[in-house]
Engineer: 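Next up is a structure, given as structure tokens.
Labels below follow one simple rule: chain letters A, B, ... track the order of the sequence lines, proteins then strands, and each chain is numbered from 1.
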Amino acid sequence: MSTVTEQTPRRRRRWVAPYGFLLPAGLLYLAFLAIPIGYAVYLSFRGLRVSGGGPFGVQEETWVGFQNYVATFTDPEFLAGFGRLAIYGIIAVPVTLGLALTFALLLDLPRVAGARFARTAIFIPYAVPGVIASLLWGFLYLPSTSPLNYLLRRLGLDPVAVVEGGMLFPSVANIAIWTGVGFNMIILYTSLRGIPGEVYEAARLDGANEWHIAYRIKIPLVGPALVLTGLFALIGTLQVYGEPTTLRPMTNSISQTWVPLMKIYRDAFVRDDLSLAAASSVVLALGTLVVSVVLLRLTQRRSLGVS
Amino acid sequence: MTATTTLARPVSAAAAPAARSRRRGHVLPTLVLMLGALYCLVPVAWVVIASTKSNSELFTTFTFAPGTGLVENVRDLLAYGGGQYGQWVLNSLLFAGFGAFACTLISTMAGFALAKYSFPGRQLVFYAILGGVLLPGITLAIPQYLLMSEIGLAGSYWSVLLPSLISPFAIYLARVFAGSSVPSDTIEAARIDGANDARIFTAIALPMMIPGMVTIFLLQFVSIWNNFLLPFIMLSDERMYPLTVGLYTLLSKGSGTPSLYSLAIIGAAVAIIPLVVMMLVLQRYWRVDLLSGGIKG
């Protein structure tokens, strides 16, 4: 990054200027990121203790050390939530990225018919909020309104339930895939367009076909963009909340604590155990950070432009 | 669905013998892309068709057959809860419109400072922002709520609006864009001419950064419009809900009263259409290359 060097006599005011530009963002960062994190950490070490004994003891908020963290890590429901999240993520992330990369590569082929239309159509679900997407798919899954089941009934076959049993995870993941493919496709596609054409000309002269070019040149060159989209898909996975919550009224298979955030919400607002919810939030946030850093380290690319 | 067939037609029509060998290689890519388009459009087509069905038709007629209840559904939607739906639309517009606008300005200022000045603590600020990118808002929603209720703001419009004004990702993008679109020489020349920092920013940097700002605005608009957990946690008054939370409450009440299902469906259809239109119209102003260009480092 080029920097303006100090030459004129008005040094003092210049020295102040960048801080002035950063001030609004800095204040908001403190108020809505740093301080809430600090407050959550503080709360996570506090808890209600009953003093005086018996059913009429007085509840007091005191320092309880790591008790909430122990409770978080030994809570089978919270851990099961992470297990479900893992299954969901193993389906959603690779399929989203795989489809996005496939579509981006196809769009980048020379002279493909209908490319513009397809690009726009595949991008449209990005504009649909997750909750509304879950509502749409929920109705397409619901046995009484599902088009698949309508056809099956017409053919005299048994209807299938798609938000139950083994189909539950793919069905929920499908919603994230549907909303996510287009945005990732656009990022990968623009990154492909940024590769200079001469690179391909040389390969074509050497007799490479489109498949070889895609596999040997394009995919390696969009590597950094793939890492970034993968990172956001992963972060998105850890934050899943709205989709299963919206589907919940339509099926019996999604519990109140199906994913970690749902469990945190229940602890905080249904059970009023703010300390436990704070500890679980800190665990989830740290987990997100660790996963992101590990991914960036593993890929060893300066994907976020850290100077 | 009809659009798919119309746009697919030129492929078969262009069956000139000369183009045949080149075309053969393109049938499969086009087919795969059209399947992708179909997959993405079917749920949207479904909600538009389903919003024309009356309650009884919803569960009895074929899913993709249009019904006869459109007018009645629209009337019911507008009448629901004394015009609550219109209120939800306005709330969403307020949160997303004002939030994205202010966030874009704040991020542009911060990104400009990070890209164009060297000052003590710059590296620290940058790492703080990067940490914020890797740790996005949703995990913070509950601590934010606790803090908001401490200071008595929970349940107000501010409780949803204020947290959406800060987006580390937007600042990161603004920094990338300021770095690539505002030449340092121009800033230096203006400075020699006697312009101060505020004037350099408003008169020189800001106009050069407009394409980047449009992108940041759209990304932030969509992310606030789509947000569910933050308003769901913060707000308790149904009239202050944005569309996402409003439609969710309609749907969860609907599992007890199926008559609300058709309301939720037409509500969803009406909610999607403006955003899809905005997306299509503003598509060419998007500078997504900023996203993929910035991450090459």
Engineer: Nearest 0.5 Å, what's the CG-CG distance between A/Leu106 and B/Leu28?
Structural biologist: 8.0 Å
Engineer: Side chains of B/Asn226 and A/Tyr126: do they bring a donor and an acceptor to under 3.5 Å?
Structural biologist: no
Engineer: Among A/Leu274, A/Thr245, A/Val222, A/Leu238, who wins on heavy-atom pairs under 4.5 Å with chain B?
Structural biologist: A/Thr245
Engineer: Before giving the answer on side-chain contact (heavy atoms from CB on, under 4.5 Å), spell out for B/Trp46 and A/Trp137 the whole-Å C-alpha distance, their side-chain angles and the decisive distance to 0.1 Å.
Structural biologist: CA-CA 10 Å; B/Trp46 177 82; A/Trp137 281 102; over 6 Å; no
Engineer: Quick one: pull up CZ in A/Arg248 and CG in B/Leu251 and give me the separation to the nearest 0.5 Å.
Structural biologist: 12.0 Å
Engineer: Below 4.5 Å, heavy-atom pairs only: which of A/Pro129, A/Gly38, A/Gly242 has the largest tally toward chain B?
Structural biologist: A/Pro129
Engineer: When only pairs under 4.5 Å are counted, which of B/Val245, B/Val47, B/Leu275 shares the most heavy-atom pairs with chain A?
Structural biologist: B/Leu275
Engineer: Please look at B/Pro183 and chain A and tell me whether the side chain, the backbone, both or neither of the residue comes under 4.5 angstrom of a heavy atom of that chain.
Structural biologist: neither
Engineer: What residue in B/Leu162, B/Val32, B/Val44 has the most heavy-atom pairs under 4.5 Å with chain A?
Structural biologist: B/Leu162
Engineer: Among B/Ala264, B/Pro168, B/Gly267, B/Ala113, single out the residue with the greatest number of heavy-atom pairs under 4.5 Å to chain A.
Structural biologist: B/Ala113
Engineer: side-chain contact (heavy atoms from CB on, under 4.5 Å) between B/Val125 and A/Tyr19: does it pass, once the steps are laid out?
Structural biologist: CA-CA 11 Å; B/Val125 172; A/Tyr19 296 105; over 6 Å; no
Engineer: So for B/Ile171, is it side chain, backbone, both, or neither that comes closer than 4.5 Å to the heavy atoms of chain A?
Structural biologist: side chain
Engineer: Which answer fits A/Asn174, side chain, backbone, both or neither, if we ask what part of it has an atom under 4.5 Å from a heavy atom of chain B?
Structural biologist: both
Engineer: Pick one of side chain, backbone, both or neither for B/Ala128, based on which atoms fall under 4.5 Å of a heavy atom in chain A.
Structural biologist: both
Engineer: To check you understand the geometry: which heavy-atom pair defines the closest contact between A/Ala17 and B/Asp197, and what is its length?
Structural biologist: CB-CG, 3.4 Å
Engineer: Can you name the residues of residues 276-284 of chain A that have some heavy atom under 4.5 Å away from a heavy atom in chain B?
Structural biologist: A/Ser281, A/Leu284
Engineer: Between B/Pro163, B/Ser167, B/Cys103, which shows the greatest number of heavy-atom pairs under 4.5 Å with chain A?
Structural biologist: B/Pro163
Engineer: To the nearest 0.5 Å, what is the distance between CD (B/Glu150) and OH (A/Tyr39)?
Structural biologist: 3.5 Å
Engineer: Indicate the atoms forming the closest heavy-atom contact of B/Ala37 with A/Phe117, along with that distance.
Structural biologist: CB-CE2, 4.0 Å
Engineer: Do any of residues 20-27 of chain A come closer than 4.5 Å to chain B, heavy atom to heavy atom, and if so which ones, in number order?
Structural biologist: A/Gly20, A/Phe21, A/Leu22, A/Pro24, A/Ala25
Engineer: Looking at B/Ile106, B/Leu147, B/Ile129, which one has more heavy-atom pairs under 4.5 Å with chain A than the rest?
Structural biologist: B/Leu147
Engineer: Are any non-hydrogen side-chain atoms of B/Phe228 and A/Ile132 less than 4.5 angstrom apart?
Structural biologist: no
Engineer: Between A/Thr179 and chain B, with a heavy-atom cut-off of 4.5 Å, which part of the residue counts as in contact: side chain, backbone, both or neither?
Structural biologist: neither
Engineer: Would you compute the distance between atom CG of A/Leu135 and atom CD1 of B/Ile265 and round it to the nearest 0.5 angstrom?
Structural biologist: 7.0 Å
Engineer: Walk me through whether A/Phe183 and B/Leu219 qualify under side-chain contact (heavy atoms from CB on, under 4.5 Å).
Structural biologist: CA-CA 11 Å; A/Phe183 188 67; B/Leu219 286 172; 3.7 Å; yes
Engineer: Tell me, side chain or backbone of A/Pro110 under 4.5 Å from chain B's heavy atoms, or both, or neither?
Structural biologist: backbone
Engineer: Which atoms of A/Ile122 are under 4.5 Å from chain B, going by heavy atoms: the side chain, the backbone, both sets, or neither?
Structural biologist: both
Engineer: Given that the side chain runs from C-beta out, which part of B/Phe221 has a heavy atom under 4.5 Å from chain A: side chain, backbone, both or neither?
Structural biologist: neither
Engineer: CZ/A/Phe269 to CZ/B/Phe232 distance, rounded to the nearest 0.5 angstrom?
Structural biologist: 9.0 Å
Engineer: Heavy-atom cut-off 4.5 Å, strictly under: side chain, backbone, both or neither for A/Ala133 against chain B?
Structural biologist: neither
Engineer: What I'd like to find out is whether the side chain of A/Leu140 reaches to under 4.5 Å of the side chain of B/Pro43, using heavy atoms alone.
Structural biologist: yes
Engineer: Given the options A/Ala40, A/Ala31, A/Ser292, which has more heavy-atom pairs under 4.5 Å with chain B than any of the others?
Structural biologist: A/Ser292
Engineer: What part of A/Ile177 lies closer than 4.5 angstrom to a heavy atom of chain B: side chain, backbone, both or neither?
Structural biologist: both
Engineer: Any side-chain heavy-atom pair from B/Cys40 and A/Ile124 closer than 4.5 angstrom?
Structural biologist: no
Engineer: Need one label for B/Leu33: side chain, backbone, both or neither, based on atoms under 4.5 Å from any heavy atom in chain A.
Structural biologist: both
Engineer: Determine yes or no for a side-chain-to-main-chain donor-acceptor pair under 3.5 angstrom, with A/Trp178 supplying the side chain and B/Tyr39 the backbone.
Structural biologist: yes
Engineer: Just so I understand: if I count every heavy-atom pair under 4.5 Å between each of B/Thr108, B/Leu165, B/Leu247 and chain A, which residue has the most?
Structural biologist: B/Leu165
Engineer: So, taking the atom named CG in B/Leu230 and the one named CZ in A/Phe32, what distance separates them when rounded to the nearest 0.5 Å?
Structural biologist: 10.0 Å
